[in-house]
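Notes follow once the structure below has been shown.
Values in this document were obtained by computation on a predicted structure and should not be read as measured data. To find a chain, count down the sequence lines: A is the first, B the second, and so on, and within it residues start at 1.
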There are 2 protein chains.
Amino acid sequence: MDTTQLLKGVLDLAVLAVLDDEDGYGYDVVRRLRAAGLDDVADASVYGTLRRLFAAGHLTSYVVPSVEGPHRKYYGLNASGRAELDAAAKTWSGFADTMAALLAARKEVAA
Amino acid sequence: MDTTQLLKGVLDLAVLAVLDDEDGYGYDVVRRLRAAGLDDVADASVYGTLRRLFAAGHLTSYVVPSVEGPHRKYYGLNASGRAELDAAAKTWSGFADTMAALLAARKEVAA
DNA sequence: CCCACTAGTGCGCAGTGCGCAGTACCGTCC
DNA sequence: GGACGGTACTGCGCACTGCGCACTAGTGGG
């Protein structure tokens, strides 16, 4: 099974969740997601997601110069973002529950 | 949040799970998935998934004529399919757990 | 000087679910 | 007996989104 396909639609949620914890910039969000267990997220995906969420009006953005490299573009949740996070989390939970029920109903091959 | 995106990569798993329960044909699998809570799966997606899984060697197939409509193309899991189901279920569980942890870590806005 | 790490952007591709149209078989209703 | 609706499957092209890869650019080290 391809884990990158599982990310479809969920990466938004993951990024929102990470940013709700604390503002962050792309490179850092990638690290946090990896640390959280999403080992194989590609950086391009995260940057793209951030831009998409920003364009959708869910994020605020501000640039902070760095002493150890190029500037960092920080992103943070605004009200719309928090609402979106809430809604997405709810949708996800419902979906996950449905899948869990579907899997529980199958013959117990690997008990 | 778009539920159709959540299905990406998971539809295989859902179809495998449904077929593990009992052999079925496309039209029927759609109904079973809908009944299981996956309300908005499109039939074309299920047919496509079945063909893909069959092409991948995970399914057996046999045609059964029907007295109340066109023939039905039944699909069933073979050993490879069951192995795939097992692996996919495991992958999914791990992924779902990771997401759950990520969501649990966020500030409790909607306790 | 070249390389590695940090940080971001852009382009085009790939997988997969969906919409929609079409085919075909059956029973019913007018 | 022809139109219609439910059953059942196929095919085509589109949309979304994650990924690979190349590129820019700043910093510090061998």
Side-chain angles (χ1 to χ4, degrees), chain A residues 1-16 23-34 38-56 58-59 61-75 84 88 91-92 95 99, chain B residues 1-16 23-34 38-56 58-59 61-75 84 88 91-92 95 99:
Chain A
M1 192 167 202
D2 191 4
T3 35
T4 88
Q5 287 300 324
L6 291 182
L7 272 181
K8 298 269 181 182
V10 184
L11 190 54
D12 284 30
L13 174 56
V15 168
L16 286 170
D23 284 10
Y25 54 99
Y27 202 75
D28 183 51
V29 170
V30 173
R31 274 194 296 235
R32 283 202 253 165
L33 288 176
R34 296 234 172 96
L38 267 36
D39 296 320
D40 37 346
V41 280
D43 54 350
S45 309
V46 173
Y47 283 115
T49 300
L50 285 170
R51 275 181 292 211
R52 201 160 3 98
L53 289 173
F54 179 71
H58 298 317
L59 301 180
S61 170
Y62 49 95
V63 171
V64 175
S66 166
V67 284
E68 47 165 355
H71 67 280
R72 296 167 173 173
K73 193 179 284 182
Y74 276 79
Y75 291 98
E84 179 67 14
T91 302
W92 164 258
F95 183 77
M99 285 305 297
Chain B
M1 194 167 199
D2 191 3
T3 34
T4 87
Q5 288 300 321
L6 291 182
L7 272 181
K8 297 272 180 181
V10 184
L11 191 55
D12 284 29
L13 174 55
V15 168
L16 287 169
D23 284 10
Y25 53 98
Y27 203 75
D28 183 52
V29 170
V30 172
R31 276 195 294 236
R32 283 202 253 165
L33 289 176
R34 296 235 172 95
L38 268 36
D39 295 320
D40 36 346
V41 279
D43 54 350
S45 308
V46 173
Y47 284 115
T49 300
L50 285 170
R51 274 180 292 205
R52 201 157 7 95
L53 289 173
F54 179 71
H58 299 317
L59 301 181
S61 170
Y62 49 96
V63 172
V64 175
S66 166
V67 284
E68 48 166 353
H71 67 281
R72 295 167 173 173
K73 194 179 283 181
Y74 276 79
Y75 290 98
E84 180 67 14
T91 302
W92 164 258
F95 183 77
M99 286 304 298

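- The shortest distance between the side-chain N/O atoms of B/Arg72 and the OP1/OP2 oxygens of C/dC25 is not below 4.0 Å.
- Rounded to an integer number of Å, the gap from OH of A/Tyr25 to C1' of C/dC5 is 12 Å.
- For the pair B/Asp28 CG and D/dA8 P, the computed distance is 8 Å after rounding to whole Å.
- Taking atom CG of residue B/Leu13 and atom P of nucleotide C/dG15, one finds them 20 Å apart after rounding to whole Å.
- Dashed line: the shortest gap from a side-chain N or O of B/Tyr47 to OP1 or OP2 of D/dT10 is not under 4.0 Å.
- For B/Thr4, the side-chain hydrogen bond (donor to acceptor under 3.5 Å, both in side chains) partners are B/Asp2, not counting sequence neighbours.
- Atom-to-atom, NZ of B/Lys73 to C1' of C/dA24 comes out at 14 Å; the value is rounded to the nearest Å.
- Between B/Tyr27 atom OH and C/dC25 atom P the separation is 17 Å, expressed in whole Å.
- Contacts of B/Asp43 classified as salt bridge (charged side-chain N to carboxylate O under 4.0 Å, His left out), with partners at least two apart in sequence or in another chain: none.
- There is no side-chain donor-acceptor pair under 3.5 Å between A/Tyr74 and A/Asp28.
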Subject >> Contact letters for nucleotides 18-26 of chain D, in which S counts primed atoms plus P, OP1 and OP2 and B counts the base, heavy atoms under 4.0 Å >> reply: SBBB---BB

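- Distance CG (A/Leu50) to P (D/dT17): 14 Å, rounded to an integer number of Å.
- Residues satisfying the side-chain hydrogen bond (donor to acceptor under 3.5 Å, both in side chains) criterion with B/Asp40, sequence neighbours excluded, are B/Thr3.
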Original post:
Between A/Tyr75 and A/Phe54, is a side chain to side chain contact (heavy atoms under 4.5 Å, CB included) present by the stated rule, with each step listed?
Top reply: CA-CA 8 Å; A/Tyr75 291 98; A/Phe54 179 71; 4.0 Å; yes

Original post:
Can you check side chain to side chain contact (heavy atoms under 4.5 Å, CB included) on A/Arg72 and A/Tyr27, steps first, answer last?
Top reply: CA-CA 8 Å; A/Arg72 296 167 173 173; A/Tyr27 202 75; over 6 Å; no

Subject >> side chain to side chain contact (heavy atoms under 4.5 Å, CB included) assessment of B/His71 paired with B/Val64 >> reply: CA-CA 6 Å; B/His71 67 281; B/Val64 175; over 6 Å; no

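- In this structure, CG of B/Leu6 is placed 12 Å from P of C/dG17, rounded to the nearest angstrom.
- Axis angle across the helix from C/dC1-D/dG30 to C/dC30-D/dG1, with five pairs used at each end and values rounded to 10°: 20°.
- Taking the side chain to side chain contact (heavy atoms under 4.5 Å, CB included) definition, one finds that A/Thr49 meets it with A/Leu11, A/Asp12, A/Val15, A/Arg52, A/Leu53, sequence neighbours left out.
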**OP:** Begin with the C-alpha distance, continue with both residues' side-chain angles, and end with the deciding distance and a verdict on side chain to side chain contact (heavy atoms under 4.5 Å, CB included) for B/Lys8 and A/Leu6.
**Re:** CA-CA 6 Å; B/Lys8 297 272 180 181; A/Leu6 291 182; over 6 Å; no

